[in-house]
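One-based numbering, in listed order, for ligands and for the atoms of each.
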Amino acid sequence: MTASHAPASVRPRHLLAIQGMPAAEIVRFFDLAETYVAQNRSPDKNTSLLRGRTLVNLFFENSTRTLTSFELAGKRLGADVINMAVAVSSIKKGETLIDTAMTLNAMHLDVLVVRHPESGAVRLLANKVNCAVINAGDGNHEHPTQALLDGLTIRRRKGHIEGLVVAICGDILHSRVARSNIHLLNALGARVRAVAPPTLLPADLARLGVEVHHRMETGLVDADIVMMLRLQTERMSGQFVPSVREYFHFFGLTREKLRAAKPDALIMHPGPMNRGVEIDSEVADDIKRSVILDQVELGVAVRMACLDLLTRPAPATGAI
Ligand code: CP
């Protein structure tokens, strides 16, 4: 692929959430990402599609997968990519998020990828800049590109998403990954279960059409997909589980608990994993069942698709 996109239109497009995204748009991301999976597996991975475009990664929280894959995605599409070092930026001198965004905006960026600990902060910032903004995770609200890569992983392995039983297990209360996945899986017709102790479940799950279970033994019955989440202690104030040892006993995924799921059920995890807390190494490393590294691989392709679509000339609404 060598053609360059037309110059960016005046109205930028953003990817801030999965909530409200029509199924056809989700499938559009998947289909475009498929072309990038093939490209990423070829010896010549780079194109000039985004030559002359500038991508800045602005991460206020730690990241391995999301940050690295956005950097790789931008570089493989030929963009200039800068990972802004927040720890040594003027944010440390008291500059606000909005002033930082407007300062970066004045440098004529094309895409700003933002991760922030506060829910809603990325949308706030998107309203202040002229470039496309991608939410790389805001508080416990959404992590849209994670859900897109999770959905693509399921579609590639199972051939479809509609009708599958997906058990999302663990710290759903603090998880932006769970929230984005619930919206995506609902939009595509999956049956979503939330499996967690009552202390780790948000109040609005029933409204989202999710079946709630408090025991892995029932929540995993006949599941096609078992998606594990870590305890997000960085977002916890107070004690949400009695102890890590007890949590693992009741909610850690082991080979024994997995027996309740379908024999061909897939194990997923967005990472980073905490082995011996929410997942046992024996199942995390089971090459027949675990697709955790597939998720990482597809993350690059999905983010290339996002950068590609967001930098295309925008329709009148500015939506994706
Ligand atoms: N899944 C995910 O967001 O991982 P990172 O925190 O490493 O980016």
*For Ser69 and Val300, which heavy atoms make the closest approach, and how far apart are they?*
CB-CG2, 3.8 Å
_Six-ring centre of Phe70, Arg303 cation under 6.0 angstrom, axis tolerance 45°_ = yes
Salt bridge between [X] and [Y], side-chain N to carboxylate O under 4.0 Å?
X	Y	result
Asp224	Arg191	no
Arg179	Asp204	yes
Arg157	Asp264	no

Are any protein N/O atoms closer than 3.5 Å to the N/O atoms of ligand 1? If there are, list each pair with names and the distance to one decimal place.
{"unit_1": "ligand 1", "atom_1": "1 (N)", "unit_2": "Gln146", "atom_2": "OE1", "d": "3.0"}
{"unit_1": "ligand 1", "atom_1": "1 (N)", "unit_2": "Pro270", "atom_2": "O", "d": "2.9"}
{"unit_1": "ligand 1", "atom_1": "1 (N)", "unit_2": "Gly271", "atom_2": "O", "d": "3.3"}
{"unit_1": "ligand 1", "atom_1": "3 (O)", "unit_2": "Thr66", "atom_2": "OG1", "d": "3.0"}
{"unit_1": "ligand 1", "atom_1": "3 (O)", "unit_2": "Arg115", "atom_2": "NH2", "d": "2.9"}
{"unit_1": "ligand 1", "atom_1": "3 (O)", "unit_2": "His143", "atom_2": "NE2", "d": "2.9"}
{"unit_1": "ligand 1", "atom_1": "4 (O)", "unit_2": "Arg65", "atom_2": "NE", "d": "3.1"}
{"unit_1": "ligand 1", "atom_1": "6 (O)", "unit_2": "Arg115", "atom_2": "NH1", "d": "2.9"}
{"unit_1": "ligand 1", "atom_1": "7 (O)", "unit_2": "Thr64", "atom_2": "N", "d": "2.8"}
{"unit_1": "ligand 1", "atom_1": "7 (O)", "unit_2": "Arg65", "atom_2": "N", "d": "3.0"}
{"unit_1": "ligand 1", "atom_1": "7 (O)", "unit_2": "Arg65", "atom_2": "NE", "d": "3.1"}
{"unit_1": "ligand 1", "atom_1": "7 (O)", "unit_2": "Arg65", "atom_2": "NH2", "d": "3.1"}
{"unit_1": "ligand 1", "atom_1": "8 (O)", "unit_2": "Ser63", "atom_2": "OG", "d": "2.6"}
{"unit_1": "ligand 1", "atom_1": "8 (O)", "unit_2": "Thr66", "atom_2": "N", "d": "2.9"}
{"unit_1": "ligand 1", "atom_1": "8 (O)", "unit_2": "Thr66", "atom_2": "OG1", "d": "2.6"}
{"unit_1": "ligand 1", "atom_1": "8 (O)", "unit_2": "Arg115", "atom_2": "NH1", "d": "3.4"}
{"unit_1": "ligand 1", "atom_1": "8 (O)", "unit_2": "Arg115", "atom_2": "NH2", "d": "3.3"}

*More than 12 heavy atoms of other groups within 6.0 Å of Glu234 CD*: yes
